[in-house]
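Just so you know, these numbers use all the heavy atoms, side chains as well, and skip hydrogens, waters and symmetry mates. Chain letters run A, B, ... following the sequence lines, proteins first, then strands; residues in each count from 1.
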Amino acid sequence: MIISTIAFYLFAAMTIASAFMVISAKNPVHSVLYLILAFFNSAALFVLLGAEFIAMILIVVYVGAVAVLFLFVVMMLDINFAELRQGFLQYLPIGGLIGLILLIELILVVSGWALSPEAIQVGSQVAPTVSDLTNTEQLGHVIYTDYAYLFQIAGMILLVAMIGAIVLTNRTRPGVRKQKIAEQVYRRPEDSMAVRKVEPGQGV
Amino acid sequence: MAEFWDIYLLPTLIIVGQILLIVLPLLLAVAYLTLYERKVMAVMQLRKGPNVVGPFGLLQPLADGAKLFFKETVVPTGANKVLFLLAPMVTFILSLIAWAVIPFDEGWVLADINVGILYLFAISSLGVYGIIVAGWASNSRYPFLGALRSAAQMVSYEVSIGFVIVTVLLCAGTLNLTGIVESQKGDLGLLNWWFVPLFPMFIIFFVSILAETNRHPFDLPEAEAELVAGYQTEYSSMAFALFFLGEYANMILMSGICTVLFLGGWLPPADWAIFTWIPGIIWFGIKIAILLFVFIWVRATLPRYRYDQLMRLGWKVFLPFSLLWVVVTAGFLVYFDMVPA
């Protein structure tokens, strides 16, 4: 018990610290690496909660795919760090204002949640009984039976977004010579070769 | 104090002992895999291979290790020092921690977790970080190009590996690796393993793990003819050795995953007494050795892919085909009511 408590505080503190480093690191590549560290620690928190499926999916999707592409893009950017820091004071007021608004909203939401009677009821409900299903199976049951339509709609939205992104970035450039593998495979010696009898001293 | 010993210290010591029991043979296997590779390639090319150090060149890996150990560690001036040294460690550690969930025999597994295969998928998808960070931190052109190539390559082939894993999971009905091996048990022995009903996926998986481990014919991240040594260009001494060990440990790991998913893990190929008498870990080792032989065979035989052909194969051939096969398998299982409970 005490080990899991220590582990919780360790991972939680690491998550917060690395999240702070994401916004305060001077080098954007370092920021992305700290972001990855934050993902890792949140995955560890999920494992402590007993939600190992979500923890693994978090790592596969966010760390294994999203953050790689993110790192990819950030590394390719040619950023002038001195120029970046010049604008700091200029953007400070508006940034601070946005931060303040977010903070007020958060306070409102959190305090409202703590005071509303329904929320207290939710909190006082008994935890659902532990079944012998693994949490992968439980998630499957919930997603594919109770929320099947919502799940399908979410999939459709992602598909539309994906197609939209491809349409927006796809340019058809004229004059590009592409390899057509099927054509190469179907090419026969007769199509491109001819056997000639060459007389000496005459050429073809 | 006795309680503290029983609850915390003893289990920790047992786990540390188990970890050593896995890691030490693994490192030995990695060392001798290099010799295996050189010997097999030598035979294929009608050469003798290493035969000077020790009997049949058996001490060659140790000599190579000692040579690397005594070399000077060079850190380029322009490099980002922390990340430069972190990258080989990441590669090496990732190739070792994945072994925690691999079942070597019935019950011979360090952590028998519910989501074993997802854990392996997660770890193998992290392998790209060692390479991409190494390429960036070296602050040099060739390593950076190698890192960019490998990032694109590994992300592309991971997608089809994911779909292949999904098909096997559909048939096995569990994410637990021991469960996946158990699901291949049957009267037919060899024919009961998943590589028979899912043969196309087995091929796709094997080609994808070639790409995932950056092996020939997909070794573009370190294509020596165009990129010097790719992301490893600036590395020397033990930092290079860690990359090298990590890469070879990854090859063994990927062969191990392939064995668990398709070749029945520790199961003998038939239920005959002489086969069942041989312990499961030997069968597991034999299957891995066969797959590694194919890795080397491919290296000795095929020329390197061009980069656009590599991308085409990943995205335009493997991805649609494996996606289709997931649908076909799922439809088949539902139609014939064969979905595992």
Side-chain angles (χ1 to χ4, degrees), chain A residues 1-4 6 25-30 32-37 39-40 43-44 46-47 50-77 132-140 144 166 176-182 184, chain B residues 4 7-8 11-12 80 82-83 86-87 90 94 101 111 113-129 131-133 135-137 139 144-145 147-156 158-159 161-162 165 169 173-176 179 306 308-309 311-313 316-317 341:
Chain A
M1 202 60 221
I2 191 157
I3 294 267
S4 62
I6 293 173
K26 284 180 181 146
N27 192 329
V29 173
H30 292 179
V32 178
L33 292 174
Y34 278 115
L35 186 66
I36 293 163
L37 189 62
F39 283 141
F40 256 109
F46 275 121
V47 171
E52 67 262 14
F53 182 79
I54 298 181
M56 291 305 155
I57 291 295
L58 185 76
I59 291 184
V60 170
V61 174
Y62 282 93
V63 183
V66 174
V68 171
L69 298 178
F70 214 46
L71 199 59
F72 201 83
V73 172
V74 168
M75 280 178 177
M76 306 268 268
L77 292 177
D132 49 351
L133 290 174
T134 63
N135 66 48
T136 315
E137 286 170 302
Q138 284 173 339
L139 264 177
Y144 292 103
I166 293 171
V176 178
R177 288 153 61 96
K178 277 196 181 137
Q179 184 182 19
K180 294 185 184 111
I181 294 204
Q184 291 181 349
Chain B
F4 178 73
I7 299 176
Y8 297 116
T12 315
N80 188 323
V82 178
L83 290 182
L86 201 65
V90 167
L94 284 176
V101 297
I113 59 177
N114 281 332
V115 289
I117 190 68
L118 270 180
Y119 172 82
L120 284 179
F121 190 55
I123 297 297
S124 75
S125 69
L126 295 181
V128 65
Y129 281 108
I131 294 174
I132 197 170
V133 168
W136 183 78
N139 199 4
F144 191 56
L145 279 174
L148 290 183
R149 280 184 175 189
S150 77
Q153 171 179 338
M154 290 170 94
V155 168
S156 313
E158 229 153 63
V159 186
I161 286 186
I165 290 176
L169 295 183
T174 172
L175 271 71
N176 181 303
R306 214 173 57 206
D308 60 316
Q309 292 172 332
M311 283 294 153
R312 179 185 166 274
L313 184 71
K316 290 188 178 170
V317 181

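With a threshold of 4.5 angstrom between heavy atoms, B:Leu118 approaches chain A through its backbone and through its side chain. Proximity to chain A is absent for every atom of B:Ile123, based on heavy atoms less than 4.5 angstrom apart. Proximity to chain A is absent for every atom of B:Asn176, based on heavy atoms less than 4.5 angstrom apart.
Residues B:Val133 and A:Leu33 are in side-chain contact: their nearest non-hydrogen atoms beyond the backbone lie under 4.5 Å apart.
Between the side chains of B:Arg312 and A:Gln179, no donor-acceptor pair of N or O atoms lies under 3.5 Å.
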Name every donor-acceptor pair, under 3.5 Å, that has one atom in a side chain of residues 51-69 of chain A and the other anywhere in the protein, sequence neighbours excluded.
from: A:Glu52; atom 1: OE1; to: A:Asn135; atom 2: ND2; distance (Å): 3.1
from: A:Glu52; atom 1: OE2; to: B:Asn114; atom 2: ND2; distance (Å): 3.0

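With sequence neighbours excluded, no residue forms a ring-ring contact (aromatic ring centres under 6.0 Å, His included) with A:Phe70.
Here B:Ile132 is the residue among B:Ile132, B:Val155, B:Val128, B:Val82 with the most heavy-atom pairs under 4.5 Å with chain A.
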